[in-house]
Amino acid sequence: EPEVTQTPSHQVTQMGQEVILRCVPISNHLYFYWYRQILGQKVEFLVSFYNNEISEKSEIFDDQFSVERPDGSNFTLKIRSTKLEDSAMYFCASSESSSGGYNEQFFGPGTRLTVL
Amino acid sequence: GENVEQHPSTLSVQEGDSAVIKCTYSDSASNYFPWYKQELGKRPQLIIDIRSNVGEKKDQRIAVTLNKTAKHFSLHITETQPEDSAVYFCAANNYQLIWGAGTKLIIKP
């Protein structure tokens, strides 16, 4: 069964550094998402992406964040200048259509980001 | 924007008993309500979902009910088993999937 994959599984970085988190969505899916989960807390929506552009973003997704689909398979989240409070598990997800169209989102295993 | 409240935060039940987790949402335009199960250190996995045009849905031991008027929805797990132990999240969608705070379900042997 196809799965969403993410790399790396764990990223440690210094405050102020840029990080890029990578995701490979399920191949026939068209909608892509990033979420974050601070340890022990709820999952928070960051951004959704369709047809090479952002379709929705939350208040968390400020100018420090960007997303890109650089090729036909990868979907990346970049944090330009990391802060301590960016430490969290970041989940990528994909769906055949948007959740506005009622389709299940499949989640990757997550990247644990630790900012020191 | 949408706000989802989830209760209880922790639920401990005897193996074989039923468990009920409740959520409320604020945005009447939300139209899709999934429930995710997350085991420790793992990704969330969908266990059941319901659309706004349906009042109830059942899948073996799991059922979800939706009351659109009251803006609340509930997860029911019957005949609980040790492998049901996990954190359960409800969510509501209106273009953004907004999650509840989670319920830690503990199944006592």
Side-chain angles (χ1 to χ4, degrees), chain A residues 1-7 9-10 21 23-26 29 31-50 53-61 88-112 114, chain B residues 1-10 21 23-54 57 59 62 64 66 68 73 86-105:
Chain A
E1 186 176 333
E3 286 190 330
V4 177
T5 59
Q6 289 184 243
T7 54
S9 57
H10 192 187
L21 310 183
C23 168
V24 179
I26 294 173
H29 285 187
Y31 288 82
F32 315 118
Y33 313 86
W34 282 102
Y35 294 87
R36 78 172 185 191
Q37 186 178 32
I38 296 169
L39 188 62
Q41 298 187 23
K42 67 178 172 182
V43 178
E44 297 175 291
F45 171 82
L46 293 179
V47 66
S48 58
F49 190 86
Y50 170 72
E53 61 182 27
I54 291 172
S55 48
E56 292 287 330
K57 61 181 181 179
S58 71
E59 293 174 354
I60 303 168
F61 194 88
M89 180 73 90
Y90 288 80
F91 289 106
C92 172
S94 69
S95 68
E96 290 181 337
S97 68
S98 73
S99 285
Y102 315 133
N103 272 26
E104 177 181 356
Q105 294 182 23
F106 292 82
F107 282 74
T111 292
R112 179 161 298 285
T114 301
Chain B
E2 176 64 278
N3 183 50
V4 177
E5 299 284 339
Q6 184 172 348
H7 299 281
S9 56
T10 305
I21 302 170
C23 289
T24 61
Y25 62 99
S26 60
D27 188 349
S28 57
S30 288
N31 52 23
Y32 173 66
F33 306 91
W35 285 88
Y36 283 88
K37 176 183 181 182
Q38 187 178 33
E39 295 175 356
L40 190 63
K42 297 197 174 177
R43 73 188 82 189
Q45 294 200 303
L46 183 77
I47 54 170
I48 196 166
D49 56 16
I50 192 166
R51 279 68 160 150
S52 59
N53 59 347
V54 176
K57 183 177 177 180
D59 182 5
I62 295 172
V64 58
L66 170 65
K68 280 187 350 182
F73 56 115
V87 179
Y88 291 80
F89 291 95
C90 63
N93 182 76
N94 184 21
Y95 298 103
Q96 296 185 17
L97 196 60
I98 304 302
W99 297 59
T103 296
K104 183 175 182 180
L105 178 61

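Order of the sequence lines sets the chain letters (A, B, ...), proteins ahead of strands, with each chain counted from 1.
- In this structure, the separation between OH on Tyr35(A) and CG on Leu97(B) is 4.0 Å, given to the nearest 0.5 Å.
- Interface remark: Pro44(B) contributes backbone and side-chain atoms alike to the contact with chain A (heavy atom separation under 4.5 Å).
- Across all non-hydrogen atoms, the minimal contact from Ala101(B) to Lys42(A) is CA-CB, 3.7 Å.
- Contacts between Gln6(B) and chain A at a heavy-atom distance below 4.5 Å are absent for every atom of the residue.
- Considering only heavy atoms from C-beta on, Gln37(A) comes within 4.5 Å of Phe89(B) through its side chain.
- The salt bridge (charged side-chain N to carboxylate O under 4.0 Å, His left out) contacts involving residues 28-38 of chain B comprise Lys37(B)-Glu39(B), where partners must be two or more places apart or lie in separate chains.
- Two residues are said to be in side-chain contact when any heavy atoms from C-beta on lie closer than 4.5 Å; Val43(A) and Tyr36(B) fail this criterion.
- Proximity to chain B is absent for every atom of Ser55(A), based on heavy atoms less than 4.5 angstrom apart.
- No other option in Gly108(A), Ala93(A), Gly110(A), Ser58(A) has as many heavy-atom pairs under 4.5 Å with chain B as Gly108(A).
- Taking CZ of Arg43(B) as the start and CE of Met89(A) as the end, the distance is 10.5 Å to the nearest 0.5 Å.
- For Phe91(A) and Trp99(B), the gap between ring centers reaches or exceeds 6.0 Å.
- With sequence neighbours excluded, no residue forms a salt bridge (charged side-chain N to carboxylate O under 4.0 Å, His left out) with Glu56(A).
- Within a 6.0 Å radius of NZ in Lys57(A), other residues, nucleotides and ligands contribute 12 heavy atoms or fewer.
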